[in-house]
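Just so we're on the same page: letters track the sequence lines, and every chain starts at 1. Not measured: the values here are computed from a predicted model.
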Number of protein chains: 2
Amino acid sequence: MNHDSSLVNRLTDRLIAGELRPGERLSETALAKEFDVSRNTLREAFRVLGEQGLVTHIPHRGVSVASPSTADVVDIYRVRHHVECSVLEYAPRNHPNAVRMEAAVEAAEKFAAEENWLEVGTANMGFHNAVVSLSDSRRLMRSFANVLAELRLAFLKVEVLDFLHAPFIERNREVVEIYRSDGPGAAAARLAVYLGDSERQVLGAYARAGQD
Amino acid sequence: MNHDSSLVNRLTDRLIAGELRPGERLSETALAKEFDVSRNTLREAFRVLGEQGLVTHIPHRGVSVASPSTADVVDIYRVRHHVECSVLEYAPRNHPNAVRMEAAVEAAEKFAAEENWLEVGTANMGFHNAVVSLSDSRRLMRSFANVLAELRLAFLKVEVLDFLHAPFIERNREVVEIYRSDGPGAAAARLAVYLGDSERQVLGAYARAGQD
DNA sequence: CTAGCACTCATTGTTCAACAAACATAGACG
DNA sequence: CGTCTATGTTTGTTGAACAATGAGTGCTAG
């Protein structure tokens, strides 16, 4: 399954890059030919992606790119609140991985200056993954990364990559600074507020786009 | 994949029932014959189980039942602390699913009276899954259920099903009662203490068994 | 006798071809 | 206009085949 892991990665890259649109049907034969693998191998990759929530499988109707509903968005933000805030709150005061958060903020600022909003989004995901990395738990990081990938599909679905990401760069920076100065507890409280705001904005975009 | 989901479930059942011992090698041809499916179908199921952490895959050496190390146990308890305590703390005061917790406690007591420790363990898993169900988040419940299944493999590994489970029945009951009387915050604090105790006991069993 | 090495064998990784089953579409019919 | 059947397409699953890798075996040389 060496080759296969690479296949999963290639598919994931195309998904979060927005090349495969949310809701789009993924034909086994077409994709198998495109990636030059057999149908069986592709199906194994699909199962992994399905387990990660990036792809939806309906029996006898094949797989499509996941298209998160508003209910899914709400669910995802519940996970984010519980995981991110709890991890940040109980993180030690000077965790080595804090530099990852700072690096993600700086990367986001750089890409924002270039108006490369897709990469800003990636950097934003990197920031929140960095937050969870303060837990020192591989399992938590893995599960959380999946949830964030799903959330990116939600962003892609309503096509709001630009203005939705911009304001959060500054807020991410604030969270790091508060963590540095006032400690994990205060940072967690602030993050909770920001997550609530973020959720409202995404749901607003859904409502505007007329999506369910 | 209708049939396949059932295959994943059948395999999972045998895993958490302890019929397939942690570390045991799982031959593709043998299991394919036993479950009367083709090798390809079995491999797809293996991928799902691998993604869930129940099974370990090493390239060209096949899959074996996961055999959690002490590092894994520590990791799992980190997840449990963050998820369970956070969910309980922020749960509404009278969540409908609280009855699930109570039901799980009663089931555990019933099986304990029969000295059926395997089922006591299952009921214990049910209790903690019920706690997480207070989050109303499918994703959190799904990920958490996987982590708990892995933990059960850890229990099976050191063959301590009996005395390790018994004391927690009473503690689970206490958590519910505190939740009912003093509210979610107090219950979460108590649960945190109990999780710490539980982790120490499991790690102690690992040390006694001479496992890594 | 033992260390090292080539070799054999079993198992996994991957592909292909085939068929059954379910779904979707189109056309016939009332 | 709506419903039903017929056809075609896609998925679900199987079995066989072959390459690639690992593991164990036995041989040879020292």
Spacing of A:R25 atom CZ relative to C:dC23 atom P, expressed in whole Å:
12 Å
Which nucleotide wins on minimum distance to the side chain of B:S38, given the candidates D:dT14, C:dC23, C:dT12?
D:dT14
Assess whether a salt bridge exists between B:R142 and A:E51, defined as any Lys/Arg side-chain N lying under 4.0 Å from an Asp/Glu carboxylate O.
yes
Please tell me whether A:R152 and A:T122 have a donor and an acceptor in their side chains that are separated by less than 3.5 angstrom.
yes
At less than 4.0 Å, is any side-chain N or O atom of A:R61 found next to OP1 or OP2 of C:dA24? Yes or no.
yes
Does this structure show an ion pair linking B:R80 with B:E199, if we count only N-O contacts that are shorter than 4.0 Å?
no
Taking atom types as modelled and ignoring hydrogens, do the side chains of A:D72 and A:S69 form a donor-acceptor contact shorter than 3.5 angstrom?
yes
Between C1' of C:dT12 and NE2 of B:H60, the distance in whole Å
7 Å
Side-chain N or O of A:T41 versus OP1/OP2 of C:dT15: is the shortest distance under 4.0 Å?
yes
Rounded to whole Å, how long is the line connecting atom CG of B:L31 with atom P of C:dT11?
13 Å
From NZ of A:K33 over to P of C:dA17, roughly how many Å is that when rounded to an integer?
12 Å
Rounded to whole Å, how long is the line connecting atom CD1 of A:I58 with atom C1' of C:dA24?
14 Å
Nearest to the side chain of A:E28, heavy atoms from C-beta on, is which of C:dG13, D:dG15, D:dG12?
D:dG12
Could you check whether B:S143 and B:N146, counting side-chain N and O atoms only, form a donor-acceptor pair closer than 3.5 Å?
no
Short side-chain N/O contact from B:H57 to OP1 or OP2 of C:dG13, under 4.0 Å
yes
B:L42 CG - C:dT14 C1' separation (whole Å):
16 Å
Distance check needed: D:dT14 C1' versus B:R43 CZ, whole Å only.
15 Å
Using a cut-off of strictly less than 4.0 Å, decide whether A:R39 has a side-chain nitrogen or oxygen near OP1 or OP2 of C:dC16.
no
What is the distance, rounded to the nearest whole Å, between atom CG of A:N40 and atom P of C:dT12?
16 Å
